Amino acid sequence: MIDSPFVPQPRALFIMLDKLRIVLIGTSHPGNIGGTARAMHNMGLADLALVAPRCEVYGSESHARASGADALVSNARVHATLEEAVSDCTFVVGASARVRHLPWPMLTPRALGERLPRECAPENARAALVFGREDSGMTNGELQRCHAHVHIPTNPDFSSLNLAAAVQVLAYECRLAFLGSDAEDTETPFGVEWDNPPATHDDLERFFEHLERTLIDIDFHDPDNPRQLMARLRRLFLRTHIDSMEMNILRGILGAVNKQSRALAARKDGDGNG
Ligand code: SAH
């Protein structure tokens with residue numbers, strides 16, 4: 001147990017902080033990119049990804065606000081979509097200032113910090129903390145790509161923090177938790193050594209696409225009247241901590257359903273022609 005920031009820290013702790021990516025969606029003020037870089041560097045984080053920024057990224061304003069954390073701005077990767085920014089991540093958490101219509105697993109900032117060392121334990125693990133636009137936050141679709149949401153408890157009448165300030169609060173909680181966790185003894189998600197690596201965001205997205213196509217194909221899902229079917233299925237599967245083997249099994253089952261439904265359609269066609 002490390003209880004002082006001045007005690008030399010084992011490499012394992014840094015590996016965990018290295019596994020945490022901060023993702024900013026559609027940022028419109030370069031100062032917030034710089035402020036985020038500074039907040040991250042203060043807390044020992046380095047991996048910054050930007051999704052479709054709406055302002056200049058590498059210019060003087062963001063560098064000025066980064067004050068010394070310039071390298072994080074220079075190294076920030078720009079992506080066209082959230083999916084691309086988190087495709088290799090095994091745990092994705094969306095930061096939201098508002099409560100949404102369809103309830104989603106919620107974490108407090110402290111619970112998020114406490115959970116991260118476990119989530120980051122598997123070798124292929126990578127976690128992302130996603131933040132929304134200054135003016136409109138994250139869309140429901142973006143939030144539904146996350147395993148969980150985190151809300152910083154603020155004044156309910158004035159709940160929205162400045163973007164870089166929100167990054168600072170959550171990055172601080174993550175650092176506290178990492179400092180307090182015994183890196184040598186970090187549990188895996190279910191408290192025991194697991195046999196397969198967790199599925200990545202990319203695996204999950206390809207599965208959701210396949211699932212949706214299949215449900216349309218077998219007339220279970222009507223894309224013209226979708227209700228919240230896919231959102232509810234996303235919530236179900238994102239809650240379960242699927243590993244890569246389980247993912248393969250589910251894809252295999254869908255493949256078998258597709259094959260049967262093609263065979264059935266061909267038979268019907270044959271009957272029609274005969
Ligand atoms: N006006 C927007 C909020 C924008 S603040 C809205 O109503 O949604 C920019 C981003 O900072 C948010 O998308 C969120 O990721 C983060 N943020 C701000 N306040 C937060 C809070 N109280 N809890 C969690 N995240 C917060």
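None of the values given here were measured: they were computed from a predicted structure. We count ligands from 1, going down the list as the structure has it; atoms in each ligand are counted the same way.
Transitive grouping of hydrophobic side chains (ILVMFWY, heavy atoms separated by less than 4.5 Å) brings L17 and F131 into a common cluster.
With atom 10 (C) of ligand 1 as the reference point, the heavy atom nearest to it among G132, A166, P109 is part of G132. Between V130, L163, L161, it is L161 that holds the heavy atom closest to atom 5 (S) of ligand 1.
Residue T154 has at least one heavy-atom neighbour below 4.0 Å for each of these atoms of ligand 1: 22 (N). Applying the 4.0 Å criterion to heavy atoms of A95 picks out, from ligand 1, the atoms 14 (C), 15 (O), 25 (N). Taking every heavy atom of S159 and a limit of under 4.0 angstrom, the matching atoms of ligand 1 come to 19 (N), 21 (C), 22 (N).
Ranking protein heavy atoms by distance to atom 24 (C) of ligand 1, first place goes to S96 O, 3.3 Å. Annotation: atom 20 (C) of ligand 1 to nearest protein heavy atom, A97 CB, 3.6 Å. Among protein heavy atoms, the minimum distance from atom 2 (C) of ligand 1 is reached at G137 N, 3.6 Å. Among protein heavy atoms, the minimum distance from atom 6 (C) of ligand 1 is reached at R98 NE, 3.4 Å. Protein heavy atom closest to atom 9 (C) of ligand 1, with residue, atom name and distance, is R133 O, 3.5 Å. Looking only at protein heavy atoms, the nearest one to atom 3 (C) of ligand 1 is S160 OG, 3.3 Å. Here the heavy atom of the protein found nearest to atom 23 (N) of ligand 1 is I152 N, 2.8 Å.
Other residues, nucleotides and ligands place more than 12 heavy atoms under 6.0 Å from the CD atom of Q228. Around CZ of R110, the count of heavy atoms belonging to other residues, nucleotides or ligands within 6.0 Å does not exceed 12. For Y172, the OH atom sits in a loose shell: 12 or fewer heavy atoms of surrounding residues, nucleotides or ligands are nearer than 6.0 Å.
Residue contacts with ligand 1 include V150, since one of its heavy atoms falls under 4.0 Å from the ligand.
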Going through the checks in order, is the side chain to side chain contact (heavy atoms under 4.5 Å, CB included) test met by L129 and V150? CA-CA 9 Å; L129 254 178; V150 59; 4.3 Å; yes
Output, in order, the C-alpha distance, side-chain angles, deciding distance and verdict of salt bridge (Lys or Arg N to Asp or Glu O under 4.0 Å) for R77 and E84. CA-CA 11 Å; R77 274 155 304 117; E84 195 183 297; over 6 Å; no
Name each donor-acceptor pair under 3.5 Å that joins a side chain in residues 36-46 to protein atoms two or more places apart or in another chain, with its distance.
| residue | atom | partner | partner atom | Å |
| --- | --- | --- | --- | --- |
| T36 | OG1 | N32 | O | 2.7 |
| R38 | NH1 | S67 | OG | 3.2 |

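Rounded to the nearest 0.5 angstrom, N124 CG and D88 CG are separated by 9.5 Å.
Residue contacts with ligand 1 for D135 involve N, CA, C or O but no side-chain atom from C-beta outward (heavy atoms, distance under 4.0 Å).
A donor-acceptor pair is defined here as one N or O able to donate and one able to accept, closer than 3.5 Å; no such pair exists between the side chain of E173 and the backbone of L112.
Remark: ligand 1 and F131 share no N or O pair separated by less than 3.5 Å (distance only, no angle test).
Note on residues 79-103: pairs passing ring-ring contact (aromatic ring centres under 6.0 Å, His included), not counting sequence neighbours, are F91-H147.
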